[in-house]
Number of protein chains: 2
Amino acid sequence: MASDQTRTAILRAAERLYADRGFADVTLRDIVAEAGVNLAAVNYHFGSKDELITELFVTRSIATNRERLTELKAAEAAGGGRAPIDAVLRALVAPTLRGCFGPEGERSDAARFMIRASVEAVAPIRKIKNRELDHLRKFAAAMQRAMPELPEVEIYWGLHFALAMAHHTIRDSERLQKLSDGQCDLDDVEAIVDRVVNAAVLALQSGTKLGEAKPKSQRAN
Amino acid sequence: MASDQTRTAILRAAERLYADRGFADVTLRDIVAEAGVNLAAVNYHFGSKDELITELFVTRSIATNRERLTELKAAEAAGGGRAPIDAVLRALVAPTLRGCFGPEGERSDAARFMIRASVEAVAPIRKIKNRELDHLRKFAAAMQRAMPELPEVEIYWGLHFALAMAHHTIRDSERLQKLSDGQCDLDDVEAIVDRVVNAAVLALQSGTKLGEAKPKSQRAN
DNA sequence: TTGCATTTCAAACGCCTGTATGAAATCATC
DNA sequence: GATGATTTCATACAGGCGTTTGAAATGCAA
């Protein structure tokens with residue numbers, strides 16, 4: 001098996017192009033041109049376009065989940081089996097944010113590809129995606145351990161909002177830059193992570209306060 | 001000009017299909033089948049597929065912006081020119097959330113279409129989208145009036161996070177349902193709006209606290 | 001009804017897509 | 001170096017796409 005150069009060249013090229021332009025705008029001919037290989041190579045090595053995308057997604061999905069769990073377990077080990085809530089949320093959002101905004105070395109097409117995959121949800125990916133739920137449940141459990149007094153439903157909303165802020169920051173970073181005239185600094189990843197984690201921690205507690213008292217301002221119609 | 005029935009039938013069908021299935025998966029043949037009109041009608045009435053999408057987006061974009069501004073101005077008028085921060089944020093996120101989760105009557109394909117448009121960013125839409133910035137700046141200004149002491153950069157992050165939570169809740173409502181085993185109630189729109197607004201208000205203040213003290217738990221690595 | 005403009009329709013066009021084919025090139029093993 | 005499997009390559013294929021066409025149908029004014 002002399003050359004899986006071709007295989008990996010295709011994977012890399014596909015990942016970069018999909019990350020940059022999305023799934024709809026990238027054809028196999030674009031990919032093989034970027035990879036510098038022959039058109040037929042895709043079907044020879046992967047069987048079909050869908051299988052190429054599937055392999056890309058599965059590989060990266062496993063890698064992302066492993067990164068997150070490694071960071072979570074490290075935090076929980078440091079705390080004797082229970083990590084503080086901000087450490088749990090950090091383990092959830094930091095790997096992807098670092099992959100998108102991190103220093104040159106850490107930055108990868110992989111993270112941006114995964115964001116595209118989660119947003120555009122092309123057919124072959126949609127079928128696999130359910131496995132993600134089990135992964136997220138592990139974080140919900142860790143969050144519950146960190147805040148045992150919090151109602152379970154609040155945990156899910158908090159997890160949901162944390163991912164919302166992280167993903168949206170990646171997807172719409174350009175708009176945030178323009179809107180703020182460059183004031184919002186997206187070069188310091190750890191500052192972004194801190195910001196998202198902090199906001200998510202506060203959001204976690206906002207839900208319970210909803211029941212305690214009506215919001216002060218009038219609810220519109 | 002007897003029949004713009006055909007025109008509006010096409011617009012309605014396109015909006016529904018794009019909202020349901022996204023831009024990539026819907027062809028002109030799907031649209032005309034759904035609308036019950038002839039294939040050539042699209043090009044006759046709109047010129048091209050891109051112009052159809054553009055008209056749909058521009059129309060809905062204007063309507064959404066008007067809804068938001070109406071609610072904002074009402075809130076500011078009630079407060080004598082200055083609305084409380086939660087009312088400003090509510091005006092920003094409520095119209096779209098109501099359009100997606102509201103009671104049967106209020107619910108529309110339009111809101112879901114706009115979410116698709118903002119996420120998938122197909123070519124004809126990408127070109128127009130810059131006008132949205134001016135619209136968002138009005139909300140940034142209202143937020144700044146509500147919280148004059150807050151650094152400007154925090155305003156932009158808060159606005160960004162508010163939209164993040166609202167949009168993500170719409171896009172990934174299914175996952176949130178599954179993850180929480182149905183515990184997260186998505187039938188009560190106003191409760192969702194309250195939740196998003198509350199979380200966003202708290203997020204607004206989380207940024208300034210970042211500078212005051214290092215987070216308590218260790219930053220990973 | 002006649003005449004003309006508007007609107008619909010079935011059919012076809014050219015293009016681009018993912019996939020398949022079979023020959024040529026390359027590699028490993030003897 | 002010869003042999004046989006693996007990998008590359010140019011090329012072709014069928015199908016779906018947005019768009020165009022020209023004739024038929026419809027609406028409306030005189």
Side-chain angles (χ1 to χ4, degrees), chain A residues 1-58 113 116-117 120-128, chain B residues 1-58 113 116-117 120-128:
Chain A
M1 203 153 300
S3 126
D4 58 2
Q5 287 181 39
T6 302
R7 243 188 92 89
T8 52
I10 291 171
L11 285 169
R12 292 238 164 84
E15 186 167 56
R16 171 160 53 251
L17 290 180
Y18 284 142
D20 284 346
R21 303 204 247 131
F23 290 95
D25 282 355
V26 176
T27 70
L28 284 190
R29 283 167 176 82
D30 293 333
I31 293 173
V32 299
E34 176 87 1
V37 304
N38 186 270
L39 174 59
V42 172
N43 288 275
Y44 177 77
H45 285 282
F46 297 94
S48 70
K49 183 194 183 188
D50 280 7
E51 288 173 271
L52 164 63
I53 293 177
T54 300
E55 166 148 352
L56 216 37
F57 179 73
V58 169
F113 169 82
R116 289 278 191 192
E120 299 187 7
V122 74
I125 289 180
R126 235 173 295 158
K127 298 172 183 170
I128 323 171
Chain B
M1 205 151 302
S3 125
D4 57 3
Q5 287 179 40
T6 302
R7 244 188 91 90
T8 52
I10 291 171
L11 285 169
R12 292 240 164 83
E15 186 167 55
R16 170 160 52 249
L17 290 180
Y18 284 143
D20 283 346
R21 304 205 248 128
F23 290 95
D25 282 355
V26 175
T27 72
L28 283 189
R29 285 169 175 82
D30 293 333
I31 293 173
V32 297
E34 175 87 2
V37 304
N38 186 270
L39 174 60
V42 172
N43 288 276
Y44 177 77
H45 285 282
F46 298 93
S48 70
K49 183 194 184 189
D50 279 8
E51 288 173 273
L52 165 62
I53 293 178
T54 301
E55 166 147 351
L56 215 38
F57 180 73
V58 169
F113 169 82
R116 289 277 192 191
E120 299 188 8
V122 75
I125 290 180
R126 235 173 294 158
K127 297 173 183 171
I128 323 168

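- In this structure, CG on B:Leu17 lies 11.0 Å from CG on B:Leu28, to the nearest 0.5 angstrom.
- Not counting sequence neighbours, the partners of B:Glu34 by the salt bridge (charged side-chain N to carboxylate O under 4.0 Å, His left out) test are B:Arg16.
- Between A:His45 and D:dT6, a side-chain N or O to OP1/OP2 separation shorter than 4.0 Å is absent.
- In this structure, B:Phe46 atom CZ and D:dT19 atom P are separated by 13 Å, rounded to whole Å.
- To the nearest angstrom, C1' of D:dC17 lies 11 Å from CG of B:Asp30.
- With hydrogens and angles ignored, the 3.5 Å screen pairs a side-chain donor or acceptor of A:Arg7 with a backbone N or O of A:His45.
- At whole-Å resolution of the value, CD1 in B:Ile10 and C1' in D:dG18 are 14 Å apart.
- For A:Arg21, the salt bridge (charged side-chain N to carboxylate O under 4.0 Å, His left out) partners at least two apart in sequence or on another chain are A:Asp30.
- Aromatic pair A:Tyr18/A:Phe57: centroids not less than 6.0 angstrom apart.
- Applying the side-chain hydrogen bond (donor to acceptor under 3.5 Å, both in side chains) criterion to B:Arg29, with sequence neighbours excluded, gives no partner residue.
- With sequence neighbours left out, the salt bridge (charged side-chain N to carboxylate O under 4.0 Å, His left out) criterion links A:Asp50 to no other residue.
- With rounding to the nearest 0.5 angstrom, the CG atom of A:Asn38 is 9.5 Å from the OG1 atom of A:Thr6.
- Scanning residues 15-29 of chain A for heavy-atom distances under 4.0 Å to DNA chain C yields A:Thr27, A:Leu28, A:Arg29.
- The separation between B:Asp4 atom CG and D:dT26 atom P is 19 Å, rounded to whole Å.
- Non-hydrogen atoms lying under 4.0 Å from DNA chain C are contributed by B:Asn38, B:Ala40, B:Tyr44, all within residues 31-44 of chain B.
- Atom NZ in A:Lys49 sits about 13 Å away from atom C1' in D:dG16, given to the nearest Å.
- Side chains of A:Glu51 and A:Thr54: no donor on one and acceptor on the other come within 3.5 Å.
- When rounded to the nearest whole Å, the span between CG of A:Asp50 and C1' of C:dG18 equals 10 Å.
- One interatomic measurement links the two molecules: CG of B:Leu52 to P of D:dC17, which rounds to 16 Å at whole-angstrom precision.
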